[in-house]
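One structure below.
Whatever order the structure lists ligands and atoms in, that order sets their numbers, starting from 1.
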Amino acid sequence: MYFTYEQPEFDLNDLDEIRRVIAEAYENGREHTSTGKVADYIPELAKANASDFGICVKNMSGEKLSFGETEKRFSIQSISKVINLAASLKFLGFRETFSHVKMEPSGDAFNSILKLDLASDLPFNPMINAGAIQVMSMLSNFMDYDDLLSFSRAFCMDDKIMLNEEVYCSERDTGDRNRAIAYLLKSKGVLQGDPDKTLDLYFKMCSLNVNAESLANMGLLIANGGTNPFTGKHIIHPGYIRTIRSLMYTCGLYDESGEYGVLVGIPSKSGVGGGIVASVKERWGIGTYGPALNEKGNSAGGIAALQHMSHLLRLNAFC
Ligand code: GLN
């Protein structure tokens, strides 16, 4: 952790310097993988290699800097919550989406059920399981898996994204906590679709196979206001991107979002598969992969690398 407020002067046009800093960030991230452990509550995830680490940074011209495991595919897990939210905003709109889910950080673990029963009928935000299941219940009424898959491919500028069948079956077979969330929402009359259909789509979205580059692409699309910078195709309206970035910033790392916001300060989203997507407005998409997670379920190496980069390249949104 950096305790200093001193940041060196930096020329963001100096590509050699940037390469050097990202290489250092990679080393830093790789070292920190030893402080975490892979998720095992979804048995298939326990097969990941805890010391794997990779980082991919891409700019609007398509130049990319990749270090380590950036091609290996892994399940997107909670990063799919960003795609679900994007689909809901695009197809249902802001007002309808946020009539059924709030936009407050929960301060609880990603799979917590506590606030749902004690504090509010509506889930706190779309970046935690309860909120993403709620969003998926809305989408399930008019989108099927194939629709969501093609939207995900467009959103990540990656046509090779496929379902990881093993992870999907593992999620489905062990997803009782998510079932409890869906049925609690149904019991309150809040869930907007059939619970089993909703859960099936939710599990499938968590089980899409991405790599660090797909995540860098997703970050880049968000950084570019929702337009694919290479084809010029508009995927989602810039106004919705503002909402997505805000929620990534305030809620993207669950109950570590506040600390991450101070120490890294880049709108980001993590997943228990080990990925983190980060989006530097008008500049870069960043994807990291490191399946060794800290106690909050966020990639230990990814956080270390992003903190390093953010500090030295002054990427904090409030810098
Ligand atoms: N599929 C996971 C779950 O629902 C996603 C959680 C995560 O990535 N934090 O528990």
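In this structure, His237 contributes its side chain and Gly239 its backbone to a donor-acceptor pair below 3.5 Å.
We find the CD-CG distance between Gln134 and Leu185 to be 5.5 Å, quoted to the nearest 0.5 Å.
Applying the ring pair (Phe, Tyr, Trp, His ring centres under 6.0 Å) criterion to Phe318, with sequence neighbours excluded, gives Tyr249. Every residue meeting the salt bridge (charged side-chain N to carboxylate O under 4.0 Å, His left out) condition with Asp16, not counting sequence neighbours, appears here in chain and number order: Arg19. Scanning for side-chain hydrogen bond (donor to acceptor under 3.5 Å, both in side chains) contacts around Ser51 gives Asn49, with sequence neighbours left out.
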Go ahead and list the nitrogen or oxygen contacts between ligand 1 and the protein that come in under 3.5 Å, distances to 0.1 Å, or just say none.
from, atom 1, to, atom 2, distance (Å)
ligand 1, 1 (N), Gln77, OE1, 2.6
ligand 1, 1 (N), Glu171, OE1, 2.9
ligand 1, 1 (N), Glu171, OE2, 3.0
ligand 1, 4 (O), Asn129, ND2, 3.0
ligand 1, 4 (O), Asn178, ND2, 2.8
ligand 1, 4 (O), Tyr202, OH, 2.7
ligand 1, 8 (O), Ser78, N, 3.0
ligand 1, 8 (O), Ser78, OG, 2.8
ligand 1, 8 (O), Val272, N, 2.8
ligand 1, 9 (N), Ser78, OG, 3.0
ligand 1, 9 (N), Tyr254, OH, 2.6
ligand 1, 10 (O), Tyr41, OH, 2.7
ligand 1, 10 (O), Asn129, ND2, 3.3

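Classified by interplanar angle (parallel below 30°, tilted 30° to 60°, perpendicular above 60°), the ring pair Phe91/Phe142 is perpendicular.
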